[in-house]
Engineer: 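One structure, as structure tokens, below. Some questions next.
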Amino acid sequence: MTIDPVQRQVEFTSHTPYVHERIRAAAMYCSDGRVGQHFDEFLHQGLGLPRYDRIALPGGPACLAGHIKAHFNEQAVADELRFLVEAHEVTRVVLIAHENCAFYGSRLHIEPDKMEAAQKVDLTKAARFVYRLTGLTMVQCFFSRIVDGHIDFEYVPVDPILPF
């Protein structure tokens, strides 16, 4: 018996219908698997983005804040952002940081009591980077924290020097 080499072996079929229309939004956040579903829920329900392009990596927006230890990630993410703006016509970027991020503790060696303040400053720096790179004025920043076993998302204002 000969098996057709073109024959496919389907492992799983999603029940979610494919929607061709783009939302023109991208979200950048930490790749920590413990908070991924929470980020999706916030973006879907909290911000009304049923779909969005994802950029997930350790520390998320921290790589765009000018840290030497994240320089290579910065270059790669800058390239990805340019691509998304051009090819996917992204017009809105959402940046999310989360409390107790291992990237800040392990890679950047930020003390736990100084971490949140550093992350909020980094969100503003990252927003400025996105603006300089892409010219996009719709860049939003949020900080997430665990409260009573759930995740709360707090808006982080962007430096008023920017036009957004």
Side-chain angles (χ1 to χ4, degrees), residues 23-49 51-88 90-164:
I23 296 297
R24 297 184 178 183
M28 182 175 187
Y29 47 74
C30 185
S31 57
D32 186 332
R34 300 172 298 169
V35 291
Q37 287 182 300
H38 303 92
F39 291 168
D40 278 342
E41 181 182 5
F42 169 64
L43 289 154
H44 292 282
Q45 296 175 18
L47 296 183
L49 297 172
R51 296 172 308 286
Y52 58 92
D53 293 343
R54 294 163 171 81
I55 301 173
L57 69 159
C63 75
L64 301 180
H67 296 286
I68 291 173
K69 293 186 178 189
H71 177 71
F72 292 114
N73 286 345
E74 177 184 293
Q75 296 305 310
V77 168
D79 185 53
E80 295 301 321
L81 278 171
R82 273 192 223 98
F83 170 80
L84 293 174
V85 168
E86 292 169 13
H88 291 189
V90 164
T91 59
R92 178 181 183 184
V93 175
V94 179
L95 306 174
I96 306 172
H98 71 94
E99 77 172 331
N100 299 322
C101 182
F103 182 84
Y104 278 85
S106 297
R107 180 82 42 96
L108 300 180
H109 306 290
I110 306 289
E111 297 296 322
D113 61 327
K114 294 179 171 80
M115 195 177 291
E116 181 177 334
Q119 289 174 282
K120 288 180 177 179
V121 167
D122 283 356
L123 282 167
T124 297
K125 289 179 180 179
R128 292 176 72 106
F129 183 96
V130 171
Y131 173 71
R132 284 191 313 271
L133 179 75
T134 65
L136 295 180
T137 57
M138 183 62 142
V139 182
Q140 298 170 290
C141 300
F142 297 90
F143 183 79
S144 61
R145 72 175 78 247
I146 302 167
V147 178
D148 297 327
H150 298 287
I151 305 286
D152 284 349
F153 292 83
E154 303 165 6
Y155 176 72
V156 176
V158 177
D159 188 324
I161 293 171
L162 291 175
F164 49 85

Engineer: Taking the side chain as every heavy atom from C-beta outward, state whether L64 and K125 have any pair of such atoms under 4.5 Å apart.
Structural biologist: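 No - every pair of side-chain heavy atoms lies 4.5 Å or more apart.
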Engineer: If I take atom OG1 from residue T134 and atom CZ from residue F129, how far apart are they, to the nearest 0.5 angstrom?
Structural biologist: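 It comes to 9.5 Å.
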Engineer: Are any side-chain N or O atoms of S144 and backbone N or O atoms of A97, one a donor and one an acceptor, separated by less than 3.5 Å?
Structural biologist: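 At least one qualifying donor-acceptor pair exists.
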Engineer: Do the side chains of L84 and I55 get nearer than 4.5 Å, heavy atoms only?
Structural biologist: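 A side-chain contact under 4.5 Å exists here.
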Engineer: Could you check whether any side-chain heavy atom of T137 comes within less than 4.5 Å of a side-chain heavy atom of Y131, counting everything from C-beta outward?
Structural biologist: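 Of all side-chain heavy-atom pairs linking Y131 with T137, at least one is under 4.5 Å.
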Engineer: How long is the span from the CZ atom in R51 to the CG atom in L43, to the nearest 0.5 Å?
Structural biologist: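 Those atoms lie 13.5 Å apart.
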Engineer: To the nearest 0.5 Å, how far apart are OG in S106 and NZ in K69?
Structural biologist: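 If I round to the nearest 0.5 Å, the distance is 10.5 Å.
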Engineer: Is it true that R54 and D40 have a side-chain N and a carboxylate O under 4.0 angstrom from each other?
Structural biologist: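 Looking at R54 and D40, the cut-off is met.
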Engineer: Please find the pair of heavy atoms, one from G59 and one from C30, that lie closest to each other, and give the distance.
Structural biologist: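 Nearest pair, atom of G59 first, then C30: N-SG, 3.4 Å.
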Engineer: Measure the CE-CG distance between M28 and D53 for me, rounded to the nearest 0.5 Å.
Structural biologist: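 If we round to the nearest 0.5 Å, M28:CE and D53:CG are 13.5 Å apart.
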Engineer: In terms of side-chain heavy atoms, does H67 have a donor or acceptor partner in D122 at a distance below 3.5 Å?
Structural biologist: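 Yes, side-chain donor-acceptor contact under 3.5 Å.
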Engineer: Roughly how far, to the nearest 0.5 Å, is CZ of F143 from NZ of K120?
Structural biologist: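 Spacing of NZ (K120) from CZ (F143) equals 6.0 Å.
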Engineer: Check C63 against L57 and note the closest heavy-atom contact, atom names and distance.
Structural biologist: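 Scanning both residues completely, I find the closest heavy atoms to be SG-CD1, 4.0 Å.
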Engineer: Please indicate whether Y155 has more than 12 foreign heavy atoms, meaning atoms of other residues, nucleotides or ligands, lying under 6.0 Å from its OH.
Structural biologist: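 Yes.
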Engineer: Determine whether L133 and R82 make a side-chain contact, defined as any pair of heavy atoms from C-beta on separated by less than 4.5 Å.
Structural biologist: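 Yes - at least one pair of side-chain heavy atoms lies under 4.5 Å apart.
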Engineer: Could you walk me through whether H88 and F83 pass the ring pair (Phe, Tyr, Trp, His ring centres under 6.0 Å) test, one step at a time?
Structural biologist: CA-CA 7 Å; H88 291 189; F83 170 80; 5.5 Å; yes
Engineer: Say whether, by atom type as modelled, one donor and one acceptor occur between the side chain of E99 and the main chain of I146 under 3.5 angstrom.
Structural biologist: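 Side chain of E99 to backbone of I146, a donor-acceptor pair under 3.5 Å: yes, one is there.
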Engineer: Which distance, rounded to the nearest 0.5 Å, do you find between the CD1 of I23 and the CG of L49?
Structural biologist: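 Answer for the CD1-CG pair, I23 versus L49, is 7.0 Å.
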Engineer: What is the minimum heavy-atom distance between F42 and I96, and which atoms define it?
Structural biologist: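 Looking at all heavy atoms of both residues, the shortest contact is CD2-CD1, 4.0 Å.
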Engineer: What pair of heavy atoms forms the shortest contact from T91 to M138, and how long is it?
Structural biologist: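 For T91 and M138, the tightest heavy-atom pair comes out as O-CB, 3.5 Å.
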Engineer: Does H109 have its ring centroid less than 6.0 Å away from the ring centroid of Y104?
Structural biologist: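 Ring centroids of H109 and Y104 are no less than 6.0 Å from each other.
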Engineer: State, to 0.1 Å, how close P157 and T124 come at their nearest heavy-atom pair, and which atoms those are.
Structural biologist: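 That closest heavy-atom pairing would be O-OG1, 3.8 Å.
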Engineer: Please confirm whether the ring centroid of F142 lies under 6.0 Å from the ring centroid of Y29.
Structural biologist: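 That pair fails the under 6.0 Å test.
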Engineer: Show your reasoning for whether side chain to side chain contact (heavy atoms under 4.5 Å, CB included) applies to V93 and V85.
Structural biologist: CA-CA 10 Å; V93 175; V85 168; 5.7 Å; no
Engineer: Is the shortest side-chain heavy-atom distance between R92 and Y52 below 4.5 Å?
Structural biologist: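 They are not in side-chain contact.
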Engineer: Minimum heavy-atom separation for P58 and S31, please, with both atom names.
Structural biologist: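 Reported closest heavy-atom pair: N-OG, 3.2 Å.
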Engineer: Among all residues two or more places apart in sequence or in another chain, which pass the side-chain hydrogen bond (donor to acceptor under 3.5 Å, both in side chains) test with R145?
Structural biologist: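 side-chain hydrogen bond (donor to acceptor under 3.5 Å, both in side chains) list for R145, sorted by chain: E116, E154.
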Engineer: Within the supplied structure, the quantity of interest is the number of heavy atoms (other residues, nucleotides, ligands) at a distance under 6.0 Å from R107 CZ; does it exceed 12?
Structural biologist: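 Not buried by this count: 12 neighbours or fewer within 6.0 Å.
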